[in-house]
Enquirer: 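Just dropping this structure here.
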Amino acid sequence: MLRPKLPTMPQPTGMATPPTVVEPTSITPGNAAPPPAPTAPAPSRPTIQVTPSTALALVGGGTAVVLVVGAVLVSMLLAVAITGVSVALVAVVLRLLVNDMHKGR
């Protein structure tokens, strides 16, 4: 009942072109090129030297990023909380107004 149906492969329609015959070519030997001169291998990664001032800058930058992201997240949470409280307060006021209208005051 829930098994997927696999589509069938479509069959080619119309005339198919016949395969072409590939004729071999002759290989003529040429002059061999001299081997390239050996070169020194390039380093795969550049060497990074971390000095105490660089480490301090990295720690300071990371701390700044964490503080900024934390401040943004806290402000967003605060905005959501304030919005929720205000919506709840408006709902209570509307409920009181509707009840007063039904009582005929």
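Sequential numbering from 1 along the given sequence is applied to the chain's residues.
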Enquirer: Restricting to pairs with a member in residues 48-72, which pass side chain to side chain donor-acceptor pair (under 3.5 Å), not counting sequence neighbours?
Expert: Thr51-Ser53, Thr51-Thr54
Enquirer: What's in the same ILVMFWY side-chain cluster as Leu58, cut-off under 4.5 Å, chained through other members?
Expert: none
Enquirer: Which side-chain N or O atoms in residues 81-95 pair as donor and acceptor under 3.5 Å with protein atoms at least two apart or in another chain?
Expert:
residue: Thr83; atom: OG1; partner: Ala79; partner atom: O; Å: 2.8
residue: Ser86; atom: OG; partner: Ile82; partner atom: O; Å: 3.3
residue: Ser86; atom: OG; partner: Thr83; partner atom: O; Å: 2.8

